[in-house]
2 protein chains.
Amino acid sequence: MATIRDVAKLAGVSVATVSRVLNQNGYVNEETEKRVRQAIKKLNYKPNEVARTLFKKTSKTIGLIVPDISNPFFPELVRAVEDVMNIYDYTVILCNSDEKNEKEKEYMEVLKQKYVDGIILTTNQLELDEVSEINVPVVVLDRPLNHSFPSVIADNYGGARLATRHLYEIGCRRIAHIQGPSHVVNAVERFNGYRDEMKELGLWDERLVILGNYQLKQAKEAVLQALKEYDIDGIFAGNDAMAVGALKAVQQLGLRVPEDVAIIGYDGIPLTEMTTPELSTISQPIYEMGAIAARILVKKIEGKPLEQIHYVLPVELIERQSTRKGERK
Amino acid sequence: MATIRDVAKLAGVSVATVSRVLNQNGYVNEETEKRVRQAIKKLNYKPNEVARTLFKKTSKTIGLIVPDISNPFFPELVRAVEDVMNIYDYTVILCNSDEKNEKEKEYMEVLKQKYVDGIILTTNQLELDEVSEINVPVVVLDRPLNHSFPSVIADNYGGARLATRHLYEIGCRRIAHIQGPSHVVNAVERFNGYRDEMKELGLWDERLVILGNYQLKQAKEAVLQALKEYDIDGIFAGNDAMAVGALKAVQQLGLRVPEDVAIIGYDGIPLTEMTTPELSTISQPIYEMGAIAARILVKKIEGKPLEQIHYVLPVELIERQSTRKGERK
DNA sequence: CTGAAAGCGCTAACAC
DNA sequence: GTGTTAGCGCTTTCAG
């Protein structure tokens, strides 16, 4: 690998001059510049980013901490972040935290030691004492975190009300909710939306709340159980995987979807189009969330002002067969 | 952020000594060491990885280039790589190439400039002239590439024969194949396996080959078309997404799976358990592939010898409802 | 056992 | 316009 000194030598100039043409800063004679460029080309010289980083304290790299990339909600989010960062010549270090505060902390530390320019974080908690130590731009993604950090989330509460209301409107009255893990903030917000809507509709009954832990299998088992114990004609699942679990449970008991039990999921991942019947869902603008978070981070890194700190993106009801009105009795 | 000089000053020793205790290299007085450790703790000193990298030319970072993380085959692979690299204290830069040679090249360049210690690559082609320029350990993953690089792939050819034979054994005789993109090596290998098996069974008919481009929707349309034109009683899809497409097409035409048409996919992604009926598939050991690739890379980085250069992992037939023998007429 | 000094490859004053 | 120099924070000879 050629260094800047090699280039300087070949071009017969000082390294400073080479640096100047490289960074287009300062004046340099046209002729000289030409010679330098030739030397660069001839040696196929590429500046050493590490040396540059050491000096400038900026690495053109960001950290992206997600709970688990193999959870089907995250790949699209990650892809969006990578796409946008790539435009701005940033590279993305991917970290899986498994929702564990400890792993998050460790990664944050490692990322800081690598001089990352910023971090995009999908987390539920961030202990306050740590926060103060963070001197790297941070953007919080997907999870509402009441901090001063910029954040990009979708309207979980509103989406949940929308889903619940939709089931009501197609005629459901005994509407169950499969709730995600209570330590995940947006699972709680979705529950809150469901509860408030149900109360407003005068349908609230806490026995209709089922725990599914965001997992297909757990949701399936829980729904199997619940269907035997209670009369249920609609299910709002806290995420799409659990909606599939519900679908399987309902079908296993020989009931029809949506005729006997209507089902709606949450997230809008591609999976919902692959089931039979296809699942209605509350679709989050996943790609957009990631893209906006990335753009905000770039602005923060570049020290530009943000027009907005907290983004709450709207969600959208996607009606598919699992809640098709005409198909209900 | 404290530097090593701060620590040295506080402990009343030279930076060399601090470096020695940090890297446990060279001898240092027990007392002195204690003082140094105290100073480190007091200042909460963490060595600057960038400076270290500049000197040692090793960054404890690797690059992972995949076609597209939002393709459901890759998240698990990526997760496996990250998990293993994390054990060895490496960090992973994720790159999406969209199967484009140009993007791959660019990323390789950027990664090298960042002094990554190695690269894991999922690609079909690698032009020879580039290869020679690469002076970073590389491991090729998921795609057979006839190069000297170590590689980890699954037995695509064998898996395809297995799938085809399975359909035959449950009674199918007009077995169609939905083929993936012809520029993706393992799609071609799967086709080859299908063709050879069909020929051996004396069932080969090139009109039974359908193009699906690895996409659900394209596969669905193509199957819809094919089912109208030809007599087909079994479908072997080149990946799971296309199997779902086939399933949808068959169901849309009012045919039953597996009674009228049996379907088997390829890959074994979680999705296959979510459809109704659940899809049979050839399951690849995805996580293991990623994990092995990562371990190999670490060995190469550490300069240790590899017991094996080219890994071809076995695949497994997963029989589910979509090819359930008892359910066929 | 420990310190001084050089240098990884680059950039940014500061002179000329 | 261009070169000289110091230094980013660390590690490693080389002396002592």
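Atoms considered below: every heavy atom in the structure, side chains included; atoms not considered: hydrogens, waters and symmetry mates. Convention: sequence-line order gives letters A, B, ...; per-chain numbering from 1.
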Each nucleotide in nucleotides 6-16 of chain C should get exactly one letter: B, S or -. Can you fill that in based on protein heavy atoms under 4.0 Å?
-BBBSBB----

Residues forming a side-chain hydrogen bond (donor to acceptor under 3.5 Å, both in side chains) with [X], sequence neighbours excluded:
X      : result
B:Y88  : none
A:K304 : A:E302
A:T91  : none

Applying side-chain contact (heavy atoms from CB on, under 4.5 Å), name anything that partners [X], two or more places apart in sequence or on another chain.
X      : answer
B:E307 : B:K299, B:Y311
A:V184 : A:E99, A:N124, A:R143, A:P181, A:N186, A:A187, A:Y214
A:S14  : A:A16, A:T17
A:K9   : none

Along DNA chain D, 5' to 3', what are the outermost nucleotides having an atom less than 4.0 Å from a heavy atom of chain A?
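Contacts span D:dG1 to D:dG9, reading 5' to 3'.
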
Please table the atom pairs, donor to acceptor, closer than 3.5 Å between any side-chain atom in residues 32-40 of chain A and protein atoms at least two apart or in another chain.
from: A:E33; atom 1: OE2; to: A:R37; atom 2: NE; distance (Å): 3.2
from: A:E33; atom 1: OE2; to: A:R37; atom 2: NH2; distance (Å): 3.0
from: A:R35; atom 1: NE; to: A:A11; atom 2: O; distance (Å): 3.1
from: A:R35; atom 1: NH2; to: A:A11; atom 2: O; distance (Å): 3.3

Less than 4.5 Å apart, side chain to side chain, heavy atoms only: is that true for B:I65 and B:L111?
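With C-beta onward as the side chain, the pair touches.
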
I need the full list of salt bridge (Lys or Arg N to Asp or Glu O under 4.0 Å) pairs touching residues 50-59 of chain B, with sequence neighbours left out, sorted by first then second residue.
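Non-adjacent pairs meeting salt bridge (Lys or Arg N to Asp or Glu O under 4.0 Å): B:E49-B:R52.
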
For DNA chain D, the residues among residues 31-40 of chain B that have a non-hydrogen atom under 4.0 Å from it:
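Heavy-atom contacts with DNA chain D come from no residue of residues 31-40 of chain B; none.
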
